Amino acid sequence: AQTVTQSQPEMSVQEAETVTLSCTYDTSENNYYLFWYKQPPSRQMILVIRQEAYKQQNATENRFSVNFQKAAKSFSLKISDSQLGDTAMYFCAPKYGNKLVFGAGTILRVKS
Amino acid sequence: DGGITQSPKYLFRKEGQNVTLSCEQNLNHDAMYWYRQDPGQGLRLIYYSQIVNDFQKGDIAEGYSVSREKKESFPLTVTSAQKNPTAFYLCASSMSPVNYGYTFGSGTRLTVV
């Protein structure tokens, strides 16, 4: 079975602070891709960051970075200098076969 | 600009009626997908299509039907057999293989009245 676990249903963070969202997954594939998506209150799904499993270097996009632990099948998202606009639901989505499987999501609230 | 368009944004349906949600993309993507999202929940896969004239059931296909007659279009019909159709529906497309993720439409909110 293709499982994706986001163990934090909801999180809060103060503006300008750092927060980490966790994700674990299960795959038997060796070369694959992983993604984090953001869904703000507008409900538009936005790609945040992409990681190639064969690359040891963690992906970074401005204030967003990942901690990818391939052996542990862990793919956490770190948001630095949190901004009010980061308030959203965040989904972890590894690629299984030729489609993405989405976790249940983590609601992140950034407080001023 | 290339993108993926879902219409309408809001849709109301009477019980017992079929309704079709539109999804069109001009990204030249081979694959297209339909997801259902209930309030505060994740995305559940309804149907997907990797190529024209072919599609596969996802995890919750019962009560839904699709067609893929053109590469650009992947309409979803919510039939009267779907017992609880009120939800937010998202369409997505991707290159194949899916190494660069999905591009999503802006969604259709379906309400049964």
Side-chain angles (χ1 to χ4, degrees), chain A residues 1-11 21 23 25 27 29 31-55 59 61 64 66 75 77 87-109, chain B residues 2-6 8-11 23 25 27 29-51 54-61 66 74 87-111:
Chain A
Q2 305 160 347
T3 59
V4 184
T5 303
Q6 293 183 245
S7 59
Q8 306 143 316
E10 296 187 28
M11 295 188 73
L21 311 182
C23 173
Y25 59 94
T27 182
E29 298 179 28
N31 188 20
Y32 50 94
Y33 297 81
L34 305 107
F35 305 87
W36 278 96
Y37 279 85
K38 165 184 176 180
Q39 188 180 41
S42 68
R43 307 197 79 170
Q44 177 69 53
M45 292 283 285
I46 301 164
L47 177 62
V48 174
I49 201 163
R50 167 183 177 267
Q51 174 75 42
E52 300 175 47
Y54 65 88
K55 287 190 176 179
E61 288 287 342
F64 297 87
V66 300
F75 182 57
L77 176 69
T87 291
M89 192 156 187
Y90 287 81
F91 294 98
C92 173
K95 174 190 167 188
Y96 285 116
N98 205 25
K99 59 183 186 296
L100 304 187
V101 176
F102 291 83
T106 296
I107 297 171
L108 176 67
R109 294 185 177 87
Chain B
I4 180 166
T5 302
Q6 288 187 243
K9 191 173 179 68
Y10 299 97
L11 190 56
C23 179
Q25 55 99 0
L27 299 164
H29 284 170
D30 289 312
M32 297 186 75
Y33 313 81
W34 274 105
Y35 287 88
R36 170 180 172 141
Q37 186 178 28
D38 292 290
Q41 303 296 312
L43 280 65
R44 292 186 290 169
L45 182 64
I46 305 172
Y47 269 99
Y48 63 103
S49 168
Q50 306 277 14
I51 196 169
D54 188 41
F55 49 83
Q56 288 77 41
K57 293 182 179 180
D59 302 316
I60 56 165
V66 293
F74 191 42
F88 185 66
Y89 291 87
L90 279 163
C91 179
S93 69
S94 73
M95 293 188 289
S96 187
V98 187
N99 296 342
Y100 293 91
Y102 294 169
T103 301
F104 282 88
S106 56
T108 293
R109 171 69 182 173
L110 173 63
T111 303

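Bear in mind that the values here come from a model prediction, so they are computed numbers and not experimental data. So you know, we letter chains A, B, ... as the sequences are listed, proteins then strands, and number each from 1. Every heavy atom of this structure was used, including side-chain atoms; hydrogens, water molecules and symmetry mates were not.
Considering only heavy-atom pairs separated by less than 4.5 Å from chain A, the leading option among G42(B), A92(B), A31(B) is G42(B). Counting heavy-atom pairs closer than 4.5 Å to chain B, the top-ranked of the candidates Q44(A), R50(A), K95(A) is R50(A).
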Item to check | Criterion side chain to side chain contact (heavy atoms under 4.5 Å, CB included) on T103(B) and Q25(B), from CA distance to verdict | outcome: CA-CA 9 Å; T103(B) 301; Q25(B) 55 99 0; over 6 Å; no
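For the side-chain contact (heavy atoms from CB on, under 4.5 Å) test, residues two or more places apart in sequence or in another chain that qualify with F88(B) are Q39(A), R43(A), Q37(B), L90(B), R109(B). Legend: residues meeting side-chain contact (heavy atoms from CB on, under 4.5 Å) with Q56(B), ordered by chain and number and at least two apart, are Y48(B), Q50(B), D54(B).
Centroid-to-centroid, the aromatic rings of Y37(A) and Y102(B) stay 6.0 Å apart or farther.
Heavy-atom distances place both the backbone and the side chain of Y100(B) under 4.5 Å from chain A. Interface remark: M89(A) contributes side-chain atoms only to the contact with chain B (heavy atom separation under 4.5 Å). For L47(A), the part sitting under 4.5 Å from any heavy atom of chain B is the side chain, from C-beta outward, and nothing else. Neither the backbone nor the side chain of Y32(A) comes within contact range of chain B, judged by heavy atoms closer than 4.5 Å.
The aromatic rings of Y33(A) and Y54(A) stand perpendicular to each other, their planes meeting at an angle above 60°, with 30° marking the opposite boundary.
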